[in-house]
Amino acid sequence: MQLRNLAVALLVAAPAALAQRACGTSISASQIKLAEADFQANKVSVSAAKAFAPIEVYFHVIQGGSTLALGNVPDSQIQAQIDVLNEDYSASGRTFVLKNITRTTNSNWFKSVGPSTSLQTTMKNTLRVGGAATLNIYSVGFQSGSGSGLLGYATFPSSYKSAPKDDGVVILYSSLPGGSTTNYNFGQTATHEVGHWAGLYHTFQGGCSGTGDSVSDTPPEASAASGCPTGRDTCSGGGVDPIHNYMDYSYDSCMTEFTAGQITRMNSQLATYRSI
């Protein structure tokens, strides 16, 4: 049974609405050039038939108080998120196992953590566990500062060596399955951000020109999709936009797939930079 169709019996905070998915994961064209050159020079190819070790997940709940509206998500919702990751990544052969949940009450972290801020650095330096192969997920509120309005952000595998403590995924607490963020509460925010953690770019990376997302079987896309615009085609040639791809910006209900090329890339990135 599809997890996104299951009813999640939770008391949730007042519904929130976002005009469009907002991911804080970004990388410049010059950074991509360097990252891809390094990847090609050190690339570990992976057999499609290879059995992979499970990816261990440490989930860090950052809460502003004791209520769900302040980020105090229950264990059941966190396990539902792990179940969604396992479903969405099933075609890749990758599995996820929840090893531990930590809970930290820190109103400042909950409200104001964002990409490249001193707050997020302090949070990660305090809480992160494990090595390159360990997935640390942090749930926060994204209410103010550079993170305001985000659904999540993540680091890429190639950046682990230079900044190991910064490694991981940060997501909006109400984007978990059964959460209160309308259109983005089936758990695909974590799927999207873990895609970055596994080495994937946005499907609209680079627009209609250049190497795009460095995957040959994702059609070029001029800009991020919003909602579920079936038949959208923003770049001539190559096919309609990949709006159902987990690495686009569509509604959770619209996201259903990784391509074979993305799976090949992520498995090679994980082997090359995370030794998984």
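Closest approach of C208 and P220 over heavy atoms only: CA-CB, 4.4 Å. Scanning both residues, Y251 and R21, for their nearest heavy atoms gives C-NH2, 4.0 Å. Minimum heavy-atom separation, W109 to T104: CZ3-CG2, 3.8 Å. A133 and I276 make their closest contact through CB-CG1, 3.6 Å (heavy atoms, listed as atom of the first residue, atom of the second, distance).
Following chains of ILVMFWY side-chain contacts shorter than 4.5 Å, one can reach F110 starting from I78, so the two form part of one hydrophobic cluster. By the rule that hydrophobic residues join a cluster once side-chain heavy atoms approach within less than 4.5 Å of another member, V169 and L119 end up as members of one cluster.
Within the cation-pi definition used here (under 6.0 Å to the ring centroid, within 45° of the axis), R94 qualifies as a partner of F52.
By the neighbour-count criterion of 12 heavy atoms within 6.0 Å, atom NZ of K165 is densely surrounded, having more than that number from other residues, nucleotides or ligands.
Taking OH from Y273 and CZ from F156, the interatomic distance works out to 12.0 Å, rounded to the nearest 0.5 Å. To the nearest 0.5 Å, atom CD of residue Q205 and atom OG1 of residue T25 are 10.5 Å apart. In this structure, CG in L200 is found 4.5 Å from CE in M266, a value given to the nearest 0.5 Å. S175 OG to D252 CG: the interatomic distance, rounded to the nearest 0.5 Å, is 7.5 Å. Atom CE of M255 and atom NE2 of H244 lie 11.0 Å apart (nearest 0.5 Å). To the nearest 0.5 Å, atoms OH (Y201) and CD1 (I27) are separated by 4.5 Å.
For H60 and Y138, the distance between ring centers is under 6.0 angstrom. Aromatic rings from F142 and Y173 are positioned such that their centres are separated by 6.0 Å or more.
In this view, R274 and D167 satisfy the salt bridge (charged side-chain N to carboxylate O under 4.0 Å, His left out) rule, not counting sequence neighbours. By the salt bridge (charged side-chain N to carboxylate O under 4.0 Å, His left out) test, D233 pairs with no residue at all, sequence neighbours left out. Applying the ring-ring contact (aromatic ring centres under 6.0 Å, His included) rule to F59 yields no partners; only residues at least two apart in sequence or on another chain are considered. Applying the salt bridge (charged side-chain N to carboxylate O under 4.0 Å, His left out) rule to K111 yields no partners; only residues at least two apart in sequence or on another chain are considered. Every residue was checked against the salt bridge (charged side-chain N to carboxylate O under 4.0 Å, His left out) condition with D217, not counting sequence neighbours, and none meets it.
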Run the side chain to side chain donor-acceptor pair (under 3.5 Å) check on Q31 and S28 step by step: do they pass?
CA-CA 5 Å; Q31 289 172 323; S28 68; 3.2 Å; yes
Does D88 form a side chain to side chain donor-acceptor pair (under 3.5 Å) with Q188? I'd like the steps, not just the answer.
CA-CA 8 Å; D88 292 351; Q188 275 64 50; 2.8 Å; yes
What verdict does the side chain to side chain donor-acceptor pair (under 3.5 Å) test give for R265 and T259, after you've listed the backbone C-alpha separation in whole Å, the side-chain angles of each residue and the deciding distance to 0.1 Å?
CA-CA 10 Å; R265 177 180 170 85; T259 67; over 6 Å; no
Run the side chain to side chain donor-acceptor pair (under 3.5 Å) test on T203 and E221 for me, step by step, so that the C-alpha distance in whole Å, both residues' side-chain angles and the decisive distance to 0.1 Å come before the verdict.
CA-CA 7 Å; T203 53; E221 187 176 23; 2.8 Å; yes
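Put simply, the side chain of H202 never gets that close to the backbone of A224: no donor and acceptor are under 3.5 Å apart. Side-chain atoms of T272 come within 3.5 Å of backbone atoms of S268 as a donor-acceptor pair (strictly under, hydrogens ignored). Panel note: side chain Q63, backbone L70; no donor-acceptor pair is recorded below 3.5 Å.
Alongside Y58, the hydrophobic cluster contains V129 (criterion: ILVMFWY side chains under 4.5 Å).
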